[in-house]
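Encoded as structure tokens, the structure appears first; notes follow it.
These numbers were taken from a predicted model, which means no experiment stands behind them. In the text below, chain A, chain B and the rest are named by the order of the sequence lines, each starting its count at 1.
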Amino acid sequence: MTDYNNPARVRVAPSPTGHMHLATARTALYDYLLAKKTGGKFILRVEDTDIKRTVPGSEQEIMDGLRWLGLDYDEGPDIGGPFGPYRQTERRDIYQQHAKILVDKGRAYPCFCTPDRLEKMRQEQQNRKETYHYDGTCRRLSPDEAARRVANGEKHVIRFKMPQEGSTTAHDLLRGDIVIENKNIDDYVILKSDGLPTYHLAAMVDDHLMQITHVLRGSEWLSTFPLHVNVVRAFGWDEPEWVHLSLFLKPSGKGKLSKRDSEIAIKDGYSVFIKDMRDLGFIPEGVLNWIALMGWGVPEDDVMSLEEMIKRFSIDNLTASPAAINFAKLDHFNGTHIRLLPDPELAARIKPFFIKAGYSVKDDMLIKIVPLIRERLITLDDCVSFAGFFFEDVVEPNPDDLIAKGLDAKQSAAIARKAYEILSALPDLTHQVAEPPMRAYVEQSGLSANQVFGILRVATTGQKVSPPLFESMEIIGKEKSLERLKKAIEMLEKM
RNA sequence: GCCCCCAUCGUCUAGGGGCCCAGGACGAAGCCCUCUCAAGGCUUAAACUGGAGUUCGAAUCUCCAUGGGGGCACCA
């Protein structure tokens with residue numbers, strides 16, 4: 001059982017090597033929930049030690065993404081904090097000092113093997129169908145000789161000296177003890193020849209120095225978990241609590257979700273990148289609820305706000321098995337949370353989508369439209385296809401759509417003329433005023449409401465599917481509604 | 001190939017030895033409501049990977065097999 005009474009310090013530590021991914025968002029969410037639940041701190045640390053892979057703008061995208069989701073961090077590269085800097089390339093000296101500590105302790109050693117030699121060795125081992133492992137050439141160097149060569153300026157890396165005997169037991173909150181034979185763990189490079197650390201050093205040093213209490217990370221780290229535990233112990237530090245989260249799988253369930261999958265998803269209006277989510281019309285509440293439940297089992301009432309998630313979150317309810325992502329479920333949560341938004345809030349959120357589609361939005365009209373389309377939206381972007389016609393001067397219906405089901409153009413025109421007659425005689429077209437006489441007409445004409453209202457719908461909105469007819473005409477206004485109806489009559493008469 | 005992790009409806013999951021001929025959600029199908037489309041309500045189909053144990057009793061514990069996933073870099 002996890003103690004939720006002590007403030008936790010948790011961190012999300014993405015590397016700025018591309019677009020921010022769903023999995024990063026979920027780790028951040030759980031981190032955030034744990035921090036808030038315990039009154040602790042949620043920290044963003046940027047792991048940018050691989051200069052070659054660093055993508056400009058990526059760090060900003062991560063920060064924007066976290067804020068868009070509403071996962072505001074308490075400490076981070078742009079806002080600082082008591083344990084900074086929060087960008088690993090700015091902590092270079094710290095890692096070098098710590099690498100030296102390990103070397104002095106005899107727990108790490110300089111390695112002068114060239115990348116070429118290593119690559120050749122890898123090839124040979126592969127040919128012999130062996131697992132790649134460092135052959136220990138430099139491990140066998142005497143400390144004096146190694147020190148001399150380092151002093152001579154010879155190019156080198158620092159490797160961690162794994163014990164060659166025995167086994168390591170590492171404890172994970174979700175999976176219990178993980179035991180592995182030490183001989184199966186290589187002497188990993190912890191400090192590269194460019195002077196920057198690898199993850200194995202940097203993350204361990206930072207987590208300790210930043211007083212991280214719980215490390216939540218993807219289960220792709222499970223295989224190097226025992227190494228990390230050894231590094232921490234070599235320093236003589238206390239370990240944080242470790243939680244290896246389940247992986248996200250492709251929608252097919254075949255293989256780990258990768259950045260490539262976004263290219264496929266985008267064709268269907270989905271994405272695995274947070275920045276796309278926003279543009280596609282997904283809202284943070286929906287995305288959060290969706291990713292929260294992949295890897296976290298809640299018995300019932302699975303529609304939750306961030307606040308509710310904080311209340312209900314528990315590490316013990318996290319699941320260890322990989323989860324295939326399911327965009328249909330994202331639709332569901334997005335639609336559900338859209339329906340939960342108050343009118344003015346929803347209005348503010350859909351406005352940019354109308355504008356992006358080229359409409360000039362009138363706010364007074366927008367607020368009236370919101371209740372009509374709320375329960376019809378899966379994404380915010382859907383507002384355009386549902387309600388764009390409200391901001392249109394004229395609509396261009398497909399003539400064939402004006403013909404009611406089971407009737408011909410002539411009959412449809414007659415109905416339209418009658419409707420025009422009834423509606424134009426009314427003082428205004430509020431739905432309370434307009435609907436009763438039209439219902440009465442349907443009644444006495446022997447036609448179906450579907451037929452009559454269908455013609456009116458296509459005539460006034462220009463589309464076969466629309467928000468409720470009379471409520472829509474009310475917003476369009478009497479003048480414009482009749483104008484559109486008249487035009488439709490003309491179209492029908494020409495057929 | 002080697003090492004590690006995981007295993008309940010199509011998907012996400014509840015389940016901690018009897019409360020389970022297995023519950024919820026998404027999706028699917030049907031019905032109701034209905035001016036279209038939704039939303040909403042009701043209903044149905046749909047799962048404990050297999051085999052050995054342990055036990056009076058196993059979805060739950062153990063082992064093996066199988067399947068799935070991850071890792072095997074001077075990447076994170």
Give A:Tyr132 one of three labels, base, sugar-phosphate or nothing, depending on what nucleic acid heavy atoms sit under 4.0 Å from its own. sugar-phosphate

B:rA46 versus B:rG40 - spacing of their P atoms, nearest Å: 25 Å

With heavy atoms under 4.0 Å as the rule, sort A:Gly255 into base, sugar-phosphate or nothing. sugar-phosphate

Please give the distance between the C1' atoms of B:rC20 and B:rC48 as a whole number of Å. 10 Å

Residues passing the side chain to side chain donor-acceptor pair (under 3.5 Å) test with A:Trp242, sequence neighbours excluded, are A:Glu239

A:Glu47: side chain to side chain donor-acceptor pair (under 3.5 Å) partners, not counting sequence neighbours: A:Arg45, A:Gln88

When we call it a touch if two heavy atoms are under 4.0 Å apart, what does A:Ser246 touch: a base, just sugar-phosphate, or nothing? nothing

Which ones in residues 431-444 of chain A lie close to RNA chain B, meaning a heavy atom under 4.0 Å from one of its atoms? A:Arg439

Polar side-chain atom of A:Glu241 near backbone of A:Leu173 as donor-acceptor pair, under 3.5 Å: no

List in chain and number order the residues that pass salt bridge (charged side-chain N to carboxylate O under 4.0 Å, His left out) with A:Glu421, two or more places apart in sequence or in another chain; answer none if no residue qualifies. A:Lys418

So which of residues 159-170 of chain A are in contact with RNA chain B, with a heavy-atom cut-off of under 4.0 Å? A:Arg159

Using a cut-off of 4.0 Å on non-hydrogen atoms, how would the nucleic acid contact of A:Thr49 be classed: base, sugar-phosphate, or nothing? sugar-phosphate

Classify the angle between the aromatic ring planes of A:Phe391 and A:Phe354 as parallel (below 30°), tilted (30 to 60°) or perpendicular (above 60°). perpendicular

For a side chain to side chain donor-acceptor pair (under 3.5 Å) check, start with the C-alpha distance between A:Ser321 and A:Ser246, then their side-chain angles and the critical distance, and finish with the verdict. CA-CA 5 Å; A:Ser321 47; A:Ser246 64; over 6 Å; no

Between residues 462-472 of chain A and RNA chain B, which residues have a heavy-atom gap below 4.0 Å? A:Lys464, A:Val465, A:Ser466, A:Pro467, A:Pro468, A:Leu469, A:Glu471

Check each residue of residues 85-99 of chain A for a non-hydrogen atom within less than 4.0 Å of any atom in RNA chain B, then write out the ones that pass by number, or none. none

Between A:His431 and A:Met473 (side chain of the first, backbone of the second, donor and acceptor by atom type, cut-off under 3.5 Å), is there such a pair? no

If B:rC72 has a Watson-Crick or G-U wobble mate with both distances under 3.5 Å, name it; if not, just say none. B:rG1

State the pairing partner of B:rG40; accept Watson-Crick or G-U wobble contacts with both distances under 3.5 Å, and report none otherwise. B:rC32

So if I apply the side chain to side chain contact (heavy atoms under 4.5 Å, CB included) rule between A:Ile158 and each of A:Val150, A:Thr198, A:Ile190, A:Val189, which one comes out positive? A:Ile190

Mapping A:Asp186 and A:Thr198 to their closest nucleotides on RNA chain B, which lands nearer the 5' end? A:Asp186

Listed by chain and number, what are the side chain to side chain donor-acceptor pair (under 3.5 Å) partners of A:Thr430, not counting sequence neighbours? A:Asp428

Pairwise P distance, B:rA76 and B:rA38 [rounded to whole Å]: 49 Å

Is it the case that over 12 heavy atoms from other parts of the model lie below 6.0 angstrom from the CZ atom of A:Arg260? no

When the C1' atoms of B:rG27 and B:rG67 are considered, how many whole Å apart are they? 24 Å

Within the structure shown, what part of the strands sits under 4.0 Å from A:Ser321 by heavy-atom distance: base, sugar-phosphate, or nothing? sugar-phosphate

Sugar-phosphate only, base, or nothing, as touched by A:Arg457 at under 4.0 Å among non-hydrogen atoms: base

More than 12 heavy atoms of other residues, nucleotides or ligands under 6.0 Å from NZ of A:Lys120: is that the case? no

Partner nucleotide of B:rC26 by Watson-Crick or wobble geometry (both distances under 3.5 Å): B:rG10

Which pairs count as salt bridge (Lys or Arg N to Asp or Glu O under 4.0 Å) when at least one residue sits in residues 458-468 of chain A, sequence neighbours excluded? A:Asp401-A:Lys464

Would you mind classifying the nucleic acid contact of A:Gly297 as base, sugar-phosphate or nothing, using non-hydrogen atoms under 4.0 angstrom? sugar-phosphate

Its 5'-most and 3'-most nucleotides having an atom under 4.0 Å from a non-hydrogen atom of chain A, RNA chain B is contacted over B:rG1 to B:rA76

Which value, in whole Å, describes the distance between the C1' atoms of nucleotides B:rC9 and B:rU49? 14 Å

Quantified in whole Å, what is the P atom distance between nucleotide B:rC5 and nucleotide B:rC64? 12 Å

From the list A:Asp206, A:Ile43, A:Leu44, side chain to side chain contact (heavy atoms under 4.5 Å, CB included) with A:Tyr86 holds only for A:Ile43

By nearest-heavy-atom nucleotide on RNA chain B, the more 5' of A:Gly176 and A:Arg53 is A:Gly176

Taking a pair as Watson-Crick or G-U wobble with both distances under 3.5 Å, which nucleotide is matched to B:rU62? B:rA52

Pick base, sugar-phosphate or nothing for A:Val157, based on heavy-atom distances below 4.0 Å to the nucleic acid. base

Categorize A:Trp290 for me: base, sugar-phosphate, or nothing, with a 4.0 angstrom heavy-atom threshold over every strand shown. nothing

May I ask you to say what A:Gly335 touches in the nucleic acid, namely base, sugar-phosphate or nothing, with a heavy-atom cut-off under 4.0 Å? nothing

Heavy atoms from other residues, nucleotides or ligands near CD of A:Glu443 exceed 12 (cutoff 6.0 Å): no

Classify the ring geometry between A:His19 and A:Phe273 as parallel (under 30°), tilted (30 to 60°) or perpendicular (over 60°). tilted

What does B:rG16 pair with, Watson-Crick or G-U, if both distances are under 3.5 Å? none

Give me the distance, rounded to whole Å, that separates B:rU60 from B:rC19 when you measure between the P atoms they each carry. 13 Å

Does anything in residues 179-190 of chain A form a salt bridge (Lys or Arg N to Asp or Glu O under 4.0 Å)? List the pairs, not counting sequence neighbours. A:Arg139-A:Asp187

Heavy atoms only, 4.0 Å cut-off, all strands: where does A:Cys111 land among base, sugar-phosphate and nothing? nothing

Can you list everything that forms a side chain to side chain donor-acceptor pair (under 3.5 Å) with A:Glu165? Sequence neighbours excluded, please. none

For B:rC21, the Watson-Crick or wobble partner whose two distances fall under 3.5 Å: none

Please verify the inter-ring angle class for A:Phe112 with A:His156; under 30° counts as parallel, over 60° as perpendicular, anything in between as tilted. tilted

Search all heavy atoms of A:Leu118 against all heavy atoms of A:Cys113 and return the closest pair with its distance. CD1-CB, 3.7 Å

Under 4.0 Å between any heavy atoms, over every strand shown, what does A:Pro16 touch: base, sugar-phosphate, or nothing? Just pick one. nothing

Sticking with atom C1', work out how far B:rA59 lies from B:rA22, rounded to a whole angstrom. 8 Å

